[in-house]
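Structure first, commentary second.
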Amino acid sequence: RVHGECFQEIAQLSKSRGRPLDILSIGAGYGDREERIVNSVAVDKLYVIEPNEEHRKGIEERRNVWKQKVKEYYVDPSEFDVNYDLSTSWKSAKFDLVLISHSLYYMDDPKQMLLKSFSLLKPGGICAVFLTGYENNALVTLWNRFYSMHETSWEGGRPRANHSITEKFVEDVCVSSGIPVQTWAVNFPISVEKLLKNEIDMKKVISNSLQFDINNVDPAVQKWIRDEFFKLATTSPNVDGKVIIMADSLSLMRNML
């Protein structure tokens with residue numbers, strides 16, 4: 001539902017503009033969401049900031065497809081901070097759409113980053129912030145426990161995250177700054193029975209959450225990861241035999257000028 005709401009808003013934005021969109025994506029990951037947008041609406045400029053080398057490799061694999069549909073396409077490996085001046089690198093420093101997809105909690109000053117991102121919007125533009133929910137979330141608890149054991153992340157993994165950054169944080173920043181915001185949330189429950197019967201590919205689910213393939217780590221670490229997750233998932237409060245392993249939220253900030 002979160003993704004559906006976002007793409008519906010983007011489609012409406014595209015229709016109201018009557019022209020191709022200029023898009024900035026801050027922390028695009030492997031570019032899955034950006035590819036869906038490019039395939040759904042007309043895009044003039046697509047600028048991507050992604051400091052993670054492994055993620056940029058995934059983005060580069062999509063380059064040929066994107067180049068056929070996007071007039072101007074640019075990938076910047078820089079860390080994005082509040083002092084980053086877009087106009088020094090790119091021809092346009094204002095955008096119809098700014099995407100912050102699961103990257104806000106890795107920024108040094110998330111409040112200022114939100115305000116900076118909002119300032120990059122053209123009149124009528126939107127900033128879409130995707131976050132992970134944390135209440136009764138087995139995967140996030142596992143993520144925190146795993147990375148608390150390691151001072152550096154595994155190859156292909158993520159840096160330490162600030163998990164105090166939630167949809168409420170975004171809403172509080174917007175309200176205090178007079179920015180219109182709307183938030184949707186969705187939970188991803190799984191059947192405890194199916195989990196116990198190994199009917200769910202948990203290696204894939206866990207690898208996606210931890211952002212590396214657990215098949216590539218030491219077998220003893222693999223066992224610890226699986227044991228911890230099963231313990232978390234099967235002992236968490238559940239409703240009708242289902243437990244929430246993951247939850248996402250979407251906050252849309254709007255420039256009403």
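Residues: numbered from 1 along the sequence shown. Computed from heavy atoms alone, side chains included, the values below leave out hydrogens, waters and symmetry copies.
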Q: Take Leu114 and Val170 through the side chain to side chain contact (heavy atoms under 4.5 Å, CB included) test and state the conclusion after the steps.
A: CA-CA 8 Å; Leu114 282 174; Val170 175; 4.1 Å; yes

Q: Check the pair Lys45 / Phe95 against side chain to side chain contact (heavy atoms under 4.5 Å, CB included), numbers first and verdict last.
A: CA-CA 9 Å; Lys45 300 179 180 67; Phe95 301 88; 5.6 Å; no

Q | Step-by-step side-chain hydrogen bond (donor to acceptor under 3.5 Å, both in side chains) determination, Tyr30 to Glu61 | A | CA-CA 9 Å; Tyr30 295 105; Glu61 292 175 359; over 6 Å; no

Q | Test log, rule side chain to side chain contact (heavy atoms under 4.5 Å, CB included), inputs Tyr105 and Leu131 | A | CA-CA 8 Å; Tyr105 15 69; Leu131 293 171; 3.4 Å; yes

Q. Would Ile26 and Leu99 count as a side chain to side chain contact (heavy atoms under 4.5 Å, CB included) if you check the C-alpha gap in whole Å, the side-chain angles of each, and the deciding distance to 0.1 Å?
A. CA-CA 6 Å; Ile26 303 171; Leu99 294 172; over 6 Å; no

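At a threshold of 4.0 Å, the pair Asp44-Arg19 does not count as salt-bridged, since none of the basic side-chain nitrogens sits closer than that to a carboxylate oxygen. Between Asp22 and Lys94, none of the side-chain N atoms (NZ, or NE/NH1/NH2) sits under 4.0 Å from a carboxylate O, so this pair counts as no salt bridge.
Looking at heavy atoms from C-beta onward, Asp96 lies out of side-chain contact with Ile23 at the 4.5 angstrom threshold. Side-chain contact check for Phe118 versus Asn255: some heavy-atom pair is nearer than 4.5 Å.
Here the NZ atom belonging to Lys122 is positioned 10.0 Å from the CG atom belonging to Leu13, to the nearest 0.5 angstrom. We find the CG-CG distance between Leu21 and Leu97 to be 7.0 Å, quoted to the nearest 0.5 Å. Rounded to the nearest 0.5 angstrom, Ser25 OG and Leu46 CG are separated by 7.0 Å. Atom CD1 in Ile10 sits 8.0 Å away from atom OG in Ser40 (nearest 0.5 Å). Of the inter-residue distances, the one linking Ser117 atom OG with Leu24 atom CG reads 7.0 Å to the nearest 0.5 angstrom. Between the CH2 atom of Trp184 and the SG atom of Cys6 there is a distance of 8.5 Å, given to the nearest 0.5 Å.
Counting all heavy atoms, side chain and backbone alike, Pro110 lies closest to Ile165 at CG-CD1, 3.5 Å. The two residues Gly31 and Ile59 come nearest to each other via the heavy atoms N-CG1, 4.1 Å. Heavy-atom minimum distance, Leu121 versus Cys127: CD1-N, 3.8 Å. Between Asp218 and Ala220, the closest heavy-atom pair is OD2-N, 2.8 Å. Scanning both residues, Ala128 and Leu250, for their nearest heavy atoms gives CB-CD1, 3.9 Å.
Scored by the side chain to side chain donor-acceptor pair (under 3.5 Å) test, Arg254 finds Glu9, Gln182 as partners (sequence neighbours excluded). Not a single salt bridge (charged side-chain N to carboxylate O under 4.0 Å, His left out) links Glu34 to another residue, sequence neighbours left out. With sequence neighbours excluded, no residue forms a side chain to side chain donor-acceptor pair (under 3.5 Å) with Gln12. Annotation: salt bridge (charged side-chain N to carboxylate O under 4.0 Å, His left out) contacts of Asp32 (sequence neighbours excluded): Arg62. By the side-chain contact (heavy atoms from CB on, under 4.5 Å) test, Thr183 is found to be paired with Glu167, Glu171, Val181, Ser251, residues two or more places apart in sequence or in another chain being considered. Looking at residues two or more places apart in sequence or on another chain, you find a ring pair (Phe, Tyr, Trp, His ring centres under 6.0 Å) between Tyr73 and Trp66. For the side-chain contact (heavy atoms from CB on, under 4.5 Å) test, no residue two or more places apart in sequence or in another chain qualifies with Gln68. Partners of Asn39 under the side-chain contact (heavy atoms from CB on, under 4.5 Å) rule, at least two apart in sequence or in another chain, are Glu35, Lys69. Looking at residues two or more places apart in sequence or on another chain, you find a salt bridge (charged side-chain N to carboxylate O under 4.0 Å, His left out) between Glu60 and Arg63. Annotation: salt bridge (charged side-chain N to carboxylate O under 4.0 Å, His left out) contacts of Lys71 (sequence neighbours excluded): none. The side-chain contact (heavy atoms from CB on, under 4.5 Å) check on Ser119 picks up Lys116, with sequence neighbours excluded. Scored by the side chain to side chain donor-acceptor pair (under 3.5 Å) test, Asp172 finds Lys168 as partners (sequence neighbours excluded).
By the 6.0 Å and 45° rule, Arg33 does not stack over the aromatic ring of Phe7.
Hydrophobic clustering of Ile, Leu, Val, Met, Phe, Trp and Tyr side chains at less than 4.5 Å, counting indirect connections, unites Val98 with Tyr74.
In this structure a side-chain-to-backbone donor-acceptor pair under 3.5 Å is present from Arg56 to Glu50. Of the possible donor and acceptor atoms, none in the side chain of Ser103 sits under 3.5 Å from a partner among the backbone N and O of Ile100. With Ser176 contributing its side chain and Val173 its backbone, the two residues share a donor-acceptor pair below 3.5 Å.
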